[in-house]
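Report on the following structure.
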Protein chains: 2
Amino acid sequence: MAQTKNFRFEELLDKHHLKKTGARLRVLSMMYSKNTATSQPDLESVMSDIDRVTLYRILNVFEEKGIIHKVFDLNGTANYAVCHADCGENHHHDEHLHFNCTNCKNVYCLDDLHMPRLNLPEGFKADSFTLYASGLCPKCSKKNASSIN
Amino acid sequence: MAQTKNFRFEELLDKHHLKKTGARLRVLSMMYSKNTATSQPDLESVMSDIDRVTLYRILNVFEEKGIIHKVFDLNGTANYAVCHADCGENHHHDEHLHFNCTNCKNVYCLDDLHMPRLNLPEGFKADSFTLYASGLCPKCSKKNASSIN
DNA sequence: AATGTAAATGTAATTATGTTGCATTTATAA
DNA sequence: TTATAAATGCAACATAATTACATTTACATT
């Protein structure tokens, strides 16, 4: 039930020495309730009573603490998603596939799909990889199959 | 020599039925002279005599025609690079590695490094992939090795 | 329970980024 | 040479993000 879930988020904030404010809890519960990333514009319109600047600051600390990670979609728009992997303070393990649906514009973080090792040209020293793909997500590819608009 | 190179760019514009204007030729010669992508802010400051709007429009037609492609760096900033592969009108083959150096901020398009095939979860239908990596480029990793700042 | 304080939020202003409409100029085909 | 479609410049607008500072609030400590 709702209390249990909220308690979980309060614990999370505690763990990172962040104060448990209404705005932060709402952002957390929104992001954890979806299996897709949340775009900055979306977040703003849903949480329109919270000041834009406050939202930016919440997103920034959450990112610093390793609670969420930022990913840019095909249009360069910032999207935020919860980190499922072992992301720590200023240390993101964001090495999964970001799938951008060209129809519904949703960004999916496919965590189970890990990066294959590949050898870079001489001299390049990579410390992180991210893979992007675009196309149709399950919902939209099903929709298109039945009725080609 | 310069004339020969310029002729090459004029040919390119001709091929795509674009008028040979000074601004376009300058953008082309700048982008072709580098092995890294050019950020939108960089382009603006170098070509400060050309109107911002004109630059946006030049970049857009070049992208539509498949002459250049757009890539967002780690900060979500737009970067543009010439297409070496077989990009056609509204049809980009951008499936190579984009390496973002965390030190000099340069974005390298490593064309020779192609995407490994990978199987997506049920339902996802991808039509394009892009791989991002961040770390140190050859120049910066050499620099860091000699003098750790 | 009251309260002091650092942390968090709100407000206003500023900068960067990108777009649109329209007037003017220019490359080029005829 | 000239007509004209394309390209550019200019002004205004829209959105995204940051900074400085005033106000409020969570919460540790008494």
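Convention: sequence-line order gives letters A, B, ...; per-chain numbering from 1.
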For B:Phe72, the ring pair (Phe, Tyr, Trp, His ring centres under 6.0 Å) test, sequence neighbours excluded, returns none
Checking B:Lys20, B:His16, B:Lys15 against B:Leu18 for side chain to side chain contact (heavy atoms under 4.5 Å, CB included), the one that qualifies is B:His16
To the nearest angstrom, the CG-C1' distance between A:Leu25 and C:dA8 comes to 13 Å
query = Does A:Tyr56 belong to the same Ile/Leu/Val/Met/Phe/Trp/Tyr cluster as A:Leu28, with side-chain heavy atoms less than 4.5 Å apart forming each link?
reply = no
Rounded to whole Å, CG of A:Leu55 lies from P of C:dA8 at a distance of 15 Å
- Message: Does the plane of the ring in B:Phe9 sit parallel, tilted or perpendicular to the ring in B:Tyr32? Use 30° and 60° as the thresholds.
- Response: tilted
5' to 3', nucleotides 5-18 of chain D under a 4.0 Å protein heavy-atom cut-off (B base, S sugar-phosphate only, - none) gives BBSBBBB----BBB
Sorted by chain and number, sequence neighbours left out, ring pair (Phe, Tyr, Trp, His ring centres under 6.0 Å) with B:Phe99 holds for A:Phe124
Evaluation steps, side-chain contact (heavy atoms from CB on, under 4.5 Å), between A:Asp73 and A:Tyr132
CA-CA 9 Å; A:Asp73 67 17; A:Tyr132 282 79; over 6 Å; no
side-chain contact (heavy atoms from CB on, under 4.5 Å) filter on B:Val46, not counting sequence neighbours, yields B:Met30
side-chain contact (heavy atoms from CB on, under 4.5 Å) filter on B:Leu74, not counting sequence neighbours, yields B:Asn100, B:Thr102, B:Ser134
When rounded to whole Å, the CE to C1' distance for the pair A:Met47 and C:dT9 reads 15 Å
Rounding to the nearest 10°, end axes of the helix from C:dA1-D:dT30 to C:dA30-D:dT1 built from five pairs each make an angle of 30°
